[in-house]
Structure formats: structure tokens, C-alpha cells
Protein chains: 2
Amino acid sequence: MLTNSAKYAMKAVLFLALNTNENNKMMVKDIYERINVPQSYLAKLLQELSKHNIVSSSRGPKGGFYLDDKNKSIRLIKIVDIIDGEQRLRSCMLSLKECDNENPCALHRLVGDANSSFIKNLEETTIESLIADVRDGKSILPL
Amino acid sequence: MLTNSAKYAMKAVLFLALNTNENNKMMVKDIYERINVPQSYLAKLLQELSKHNIVSSSRGPKGGFYLDDKNKSIRLIKIVDIIDGEQRLRSCMLSLKECDNENPCALHRLVGDANSSFIKNLEETTIESLIADVRDGKSILPL
DNA sequence: TCGCAAATATGACGAATATCATATTCTAAC
DNA sequence: GTTAGAATATGATATTCGTCATATTTGCGA
């Protein structure tokens, strides 16, 4: 479904959304313990996200990563697609070319409904709306 | 979510359910092309399923694999658990110990609902009921 | 402008999954 | 019983994912 990388990436983006902005950057070494992701691994992921303009960064003293306010409207699916590739999440459970909703394979409904509602959620949910839930105490941000 | 192995295993069991019985066995070399699974890989999976008494087998001339009628009441979850292990499907999306329905992590509902309904489906669905759908033309058996 | 602190680029290694190949064991049929 | 045909056991290899380490580049601050 999702790789660890995608999960870590989402954690990291959420963390940045809650704890940083353009004037308040954070370095990898101050983040990784708080979200429980290996340091070098996190670095690599953030670099990838930065390359795709999901998160922002600046080098040198006082540098670090941060999430620009503009980017808070980004939808979760984008993070997943960048890190995992677009295929992974969307391939038919039995990996059949012929299988779709019109002509469902024997296992399609079993999985398909659950999976496509999950994808829809990722497509609809913005970073913004998720952190609102955390701020309101509706959910916790995992460490 | 599911490994390829688990998917292949389900395909294989469904195929056996539709095409074999105690008096009508099939060999790996006559199955693998029809369900599009590498021959040796399929052999290994069927051996594993056989060891756990999901499918039946006999060696020697006129031997092969088959699905005993008794085993058609087996639920899909059992196949998945044997092949993938019980953990894989059930771990929290962000792999947090602290995260559950009472205290959901920020992404929990997003994923959790889809995933647990999927698990429930696997727990409720028997091989029997799936092949009934195929027989009734409600779904196709994938190649 | 110089040095240092940060991200960035690169790649090596480990572990799990996916795949392939082969020697061995059992068993039905002659 | 002998033989041949099948599963079974075992393990070698490939590929992808996860992790770690290090050299390089960039830009702030003195």
C-alpha cells in the first residue's frame, strides 16, 4: 500500500507544518528524533521533497527545512506519488490489466472499495486540514 | 498491504477451487500460465499452502494439487496470514505503538477505516462465496 | 572574503521480497 | 519391485526497500 518512505515523508511534512515557517526553520538533526525517523533517511526524504517543491529549504548557518504557508494546501496524494511513484497505490490488487470496475476481478470489490476510498481521501485531504485536526485535539501527531 | 506472494496465493487457490477436486488434480506446470505466476514461485507457494492444509496435493503420476470441497469454507484472511504473516496487514499505518482508535494519529482515520474494512472483508469472505460470484458472472477470474 | 554550518549528491551496505534452479522423496502404474 | 512422474526441500540469485556514511556545494555571519 504505502512504503515506509511515504509514511515517513508524511510524518515529516506534518511536523514541518506544525513547527516551522519561513522565519523559523529546523534542521534534520533537530527533527528526526521527534518523529522517530532515522536521521540520514529523513535527510534523504526531505531532500527529495524539497527537490519537488513540497517543502522548502535553505543552506548554511541558520538554514534548515520549513514548510511555506503556500504549500499547506498541497494534498497528501502528492507526497505519496512523489515518494512511492504513482503506480504503487493504484495498481489492481491482482495486478491485472483487464480488471476495472466495469469488469471486476474476483477480488476487486473486496479490496477495491477500501482502496479507492483511501486514495480518494489522500486526494482530498490537504496538509492544512490535517494539522487543523491536530491543533483542535482531534488527533495526535505521532512521534 | 499485501505482498505479491499473498496475491498469487489467492489467485492460485481460487483457480484450484474452480478447476479441481479430489478426482481432478492439476500440476503446477499446467496452472502457472493460466494465472500468470512464475512456475517455480507458484510451486513454492502451493507447497506452503499445502503444508498448512489450505490446499491438498498428491505426488507421483497422476498427482497434483487440488482443493478439497471441505476447504472451500476457508476464509481468505487465513491465506494472507499464512503467506504474509499476521502482522503485516494489521500494523498501524504510521507504525505507532500509541496509535489506536481511541487516540488516533493524524493519519489514522484516513487510512485506518479503509484498512480495517478491508481486513473485515478478508475475514468474512470464504473461497466458496468468491467462486460463486465468478460462476454467476458477477466477477471474472483473473489470468 | 573567509570559514563554518547547513543542505545536497552520491553511493555503499543490509534486509526483505521476488524469482529461479536443482536435488530429493514419495507414489501410482506397469 | 522398478520406473517415471509428480510434489517437496533447499538454496542460489535478483531486485527493491530501508539504512547509513561521506564528500561536495552553497550561503550566512564575522
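Residue numbers begin at 1 in each chain, while the letters A, B, ... track the order of the sequences. Remember, predicted model here, so these are calculated numbers, not experimental data.
Nucleotide dT26(D) holds its P atom 17 Å from the NZ atom of Lys25(A), rounded to whole Å. If you measure from atom OH of Tyr41(A) to atom C1' of dT8(C), you get 18 Å, rounded to the nearest angstrom. In this structure, the CD atom of Gln39(B) is 12 Å from the C1' atom of dA6(D), given to the nearest Å. When rounded to the nearest whole Å, the span between NZ of Lys29(B) and C1' of dC20(C) equals 18 Å. As rounded to whole Å, 14 Å separates atom P of dT19(D) from atom OH of Tyr32(A). Computed from coordinates, the Lys7(A) NZ to dG18(D) C1' distance equals 12 Å when rounded to whole Å.
Under the 4.0 Å criterion applied to side-chain N and carboxylate O atoms, Asp69(B) and Lys72(B) are assigned as salt-bridge partners.
Around the CD atom of Glu124(A), the shell of radius 6.0 Å holds more than 12 heavy atoms that belong to other residues, nucleotides or ligands.
Nucleic acid contact for Lys44(A): base, since at least one base atom lies under 4.0 Å from a heavy atom of the residue. Counting any heavy atom pair closer than 4.0 Å across all strands shown, Ser40(A) reaches a base atom.
Nearest to the side-chain atoms of Arg59(A) among the listed nucleotides dT19(C), dT8(D), dA6(C) stands dA6(C).
Projected onto DNA chain D by closest heavy-atom contact, Thr3(A) and Pro61(A) fall at different nucleotides, the more 5' of which corresponds to Thr3(A).
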